[in-house]
Amino acid sequence: MLQVNLLRENPQLVIDRLKVKNFRAEELVEKILSLDEVRRSTQTKMDETLAEANRIAKSVGQMYKEGKASEAEHLKEQSAMLKTKTRDMNEDLDRITREMNDLVVQLPNLPHVSVPVGRSAEDNEIVFSHGQIPDVGEQALPHWDLIKKYNIIDFDLGNKVTGAGFPFYRGKGARLQRALINFFLNEGISAGYLEYQPPLLVNEASAYGTGQLPDKEGQMYGVPVDGFYLIPTAEVPITNIYRDVIFREEDLPVKNVAYSNCFRREAGSWGADVRGLNRLHQFDKVEIVQIRKQEESYQALEEMRDHVSSLIQKLELPFRIVKLCGGDMSFTSALTYDFEVFSAAQKRWLEVSSVSNFESFQANRMKLRYKTKEGKNFLAHTLNGSALALPRIVAALLENNQTGKGITIPKALVGYTGFEIID
RNA sequence: GGAGAGAUGGCAGAGUGGUCUAUUGCGGCGGUCUUGAAAACCGUUGACCUUCACGGGUCCGGGGGUUCGAAUCCCUCUCUCUCCGCCA
C-alpha cells in the first residue's frame, strides 16, 4: 500500500502517476485526505483527554498515600467521566482509521517514470531479444502431443487421481523436472542467493502480507479447518519471513532463492491459453527475492533481469524481454519485465518469468524497514522474479528441440538430467 | 490426542495494583586510556501516532473486562515449550 504521507505531501503526483496505470485516483485521494484530517484531530483530542486522566489518577494515588481519601472522591468521578469520553473517541478513531485504510489499499502502486503508457499487452515495449527462432518443420508437434509420444507427462492420470491441471511427470519427464529445479537453484546460489525451502501452506496473516488477501482469495486453494492457504508462489512465504522486521542497514541486501510447488485455482481461465502445460493448477517454480535499500532497488532489478536472461540463454531458448506498459502491470508493481520464450510448435511467445520492483509498496503493508547508522528507519524496497517457472520452459524445450530421433537436452542441463535425449 | 508450564525491549531475564518514567546483564553505539586493539571505566540505547516546535499519547503475545490507576487481577483467543501417546 502507498504511504499516506505521500498522499498528503503530493496528492497531484499520485493522481498523475496512476493515470499511467489507467487508474483514476482523484476521488479516492480526496476522500482519504479528508478522513486523514479527521483522524489526526481526533487523535490529538483523545491524547489530550488521556493526558488529563493520567494526571488525575496520579494525584488520586498521591492523596491516598497522604491519607486524604475523602478529598480524592470527586477526582475519581472526574476521571471516570474522562475515561468514558476517551472510550468513545477511541471507537471513532478505530472506525475512521479502518475506513481510511480500506480506501488506501485500493490505490495501486505508482508506476516508475520509465513505464510506457498503454492499455494492454500489445502496448508493452520489447527491450531485448535473443536467439534464433528454430525451424522445426511442418511436422512439428505441440508439447501436448510430444509428452504422449514419449510418455513423459500424463494428464489423464492426473485427472483420475486429482483433477484437471494436476499432471503426473513420469520417467525422463520427472527427471527433467528435477534437473531443471536443481539447475535453477544452483545458478541462483552461484549468483549470491541464499536457498530457502519454505512451507507450502501459509496462514492468513501471511496471505495478507503479500496481498493475496483480501481480493485474490478466489485464486488460492485453502484449508479452512486450519485456516491455511496453499501458496500460489514461494514469494508468499519467503517475503513474509521479513514481515515486521527492522534490518540494520549493513545487513542488507537480502537475496533469497527458493524452489516450491505453486498452487493456483486459475478460476476464469479457458481456451488455448490453458492447453497442456500452458496453465496448471500445480506447478514448479524457482523464485528469487531481494530486499534492498531504496536507492539500490533499480540496480537490483537489472541484476535480476540479467540473472534470468542468463538462465534462458544457457537453456538455448530464443526469448525476449518486454517492459510492461501501465495497463498491463500488476496492482503492486512499479516496474515489471516479462520474459517470453518462443514456442516453436505453438508459434507463440510464452511468458516464463516476471521480474518486478515493488519499491516500498509491499514493505509498507508488511512494515519491513531498515535502520540507518543515524538511527532513522526507512521502508525497504522489495523485488522478486521467477527464475524460472518450469512448465512453459518444459513446453518450449520439448517443442523447440524435437528432432527425428527424439528431444535433445541442452548441454547445460545434461549434467543434471543424466541423459542427452528423450526418446 | 492427554497433562502441565509459559509469552516482558536486539537477546537473556526481574518485576504480582500506585515515583514502572520497566530493574539488571549481554549485545550495539559513543567516549576515556592506547601507536593500534583488547581489557577496564564512563555515557548512551526500542517501535508507533500526533505536534512547526516544546510536548502529549500508545505499546509488556492478540482481543475484551475490573479499577481513579493494570506488565501485575479476571475472561477469551493465539502461539510456544516440557512430559506422555502416536508417527515419516
Side-chain angles (χ1 to χ4, degrees), chain A residues 1-10 32-104 197 199-209 213 222-229 237 240-252 254 261 291 360 363-380:
Chain A
M1 60 195 274
L2 292 176
Q3 290 174 267
V4 178
N5 267 346
L6 177 66
L7 297 186
R8 203 152 54 194
E9 280 158 21
N10 206 340
I32 291 166
L33 288 180
S34 76
L35 277 172
D36 183 52
E37 210 158 295
V38 178
R39 181 188 65 87
R40 276 149 61 212
S41 66
T42 309
Q43 170 93 49
T44 308
K45 267 183 248 157
M46 189 180 84
D47 284 356
E48 282 165 4
T49 313
L50 276 171
E52 177 68 15
N54 287 347
R55 265 195 300 278
I56 292 173
K58 217 167 257 179
S59 56
V60 169
Q62 196 59 33
M63 286 176 174
Y64 271 102
K65 222 178 266 171
E66 291 165 5
K68 295 189 260 186
S70 55
E71 283 175 45
E73 280 314 305
H74 79 283
L75 283 181
K76 279 166 92 167
E77 267 171 51
Q78 213 179 326
S79 175
M81 248 173 57
L82 291 175
K83 190 67 188 284
T84 6
K85 226 165 127 187
T86 59
R87 199 171 304 179
D88 291 345
M89 286 172 157
N90 200 26
E91 272 168 28
D92 283 350
L93 192 64
D94 280 351
R95 185 176 44 77
I96 293 162
T97 308
R98 226 177 309 120
E99 262 174 51
M100 194 176 92
N101 215 44
D102 286 348
L103 296 180
V104 174
Q197 193 172 114
L200 302 180
L201 278 70
V202 293
N203 59 28
E204 210 168 278
S206 296
Y208 270 102
L213 290 180
V223 185
V225 196
D226 298 295
F228 295 147
Y229 292 90
N240 270 286
I241 295 172
Y242 307 104
R243 178 152 41 88
D244 290 318
V245 167
I246 302 176
F247 280 98
R248 286 177 307 183
E249 187 178 24
E250 61 267 31
D251 292 333
L252 293 179
V254 165
N261 298 113
I291 296 169
S360 60
N364 188 35
R365 184 185 276 226
M366 289 200 300
K367 303 278 170 276
L368 163 55
R369 289 160 292 178
Y370 60 95
K371 185 188 285 295
T372 60
K373 298 223 163 52
E374 296 74 41
K376 278 201 75 168
N377 288 340
F378 290 96
L379 288 172

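Here is the naming used below: chain letters follow the sequence lines, and residue numbers restart at 1 for every chain. In this text the structure is predicted, and so the values were computed from the model without any measurement.
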Is any side-chain N or O of [X] closer than 4.0 Å to OP1 or OP2 of [N]?
X	N	value
A:Arg40	B:U51	yes
A:Asn54	B:G57	yes
A:Asn203	B:C79	no
A:Arg248	B:C29	no
A:Lys45	B:G56	no

Find the distance [X]:[atom1] to [N]:[atom2] and express it as a whole number of Å.
X	N	atom1	atom2	value
A:Arg87	B:G65	CZ	P	6 Å
A:Asn101	B:C49	CG	P	13 Å
A:Lys371	B:C29	NZ	C1'	12 Å
A:Asn90	B:C49	CG	C1'	12 Å
A:Asn377	B:G10	CG	P	11 Å
A:Lys83	B:G65	NZ	P	9 Å
A:Ile56	B:G56	CD1	P	16 Å
A:Glu204	B:C77	CD	P	18 Å

The side chain of [X] lies closest to which of these nucleotides: [options]?
X	options	result
A:Arg39	B:U50, B:U58, B:C68	B:U50
A:Arg369	B:C49, B:A47, B:C68	B:A47
A:Gln43	B:C68, B:U58, B:U50	B:U50

Quiz item: Taking all atoms of both residues into account, what is the closest heavy-atom pair of A:Ala380 and A:Ala363, and its distance?
Solution: O-CB, 3.1 Å
Self-check item: Donor-acceptor under 3.5 Å (A:Arg369 side chain, A:Lys376 main chain)
Solution: no
Self-check item: Exercise: do A:Ser206 and A:Asn203 side chains pair donor with acceptor under 3.5 Å
Solution: yes
Self-check item: Test item: side-chain donor near acceptor, A:Asn101 and A:Arg98, under 3.5 Å
Solution: no
Exercise. Check the pair A:Glu91, A:Arg95 against salt bridge (Lys or Arg N to Asp or Glu O under 4.0 Å), reporting the backbone distance first and the verdict last.
Key: CA-CA 6 Å; A:Glu91 272 168 28; A:Arg95 185 176 44 77; over 6 Å; no
Quiz item: Between the side-chain atoms of A:Asp47 and the base atoms of B:G57, is any donor-acceptor pair under 3.5 Å?
Solution: no
Quiz prompt | Along RNA chain B (nearest heavy atom to each residue), the more 5'-positioned of A:Ala51 and A:Ala57 | solution = A:Ala57
Using a 4.0 Å heavy-atom cut-off across all strands, classify [X] as base, sugar-phosphate, or nothing.
X	value
A:Leu75	nothing
A:Lys58	nothing
A:Arg55	nothing

Quiz item: Of A:Ile291, A:Ile246, A:Leu379, A:Val254, which is the lone residue that meets side chain to side chain contact (heavy atoms under 4.5 Å, CB included) with A:Leu368?
Solution: A:Ile291
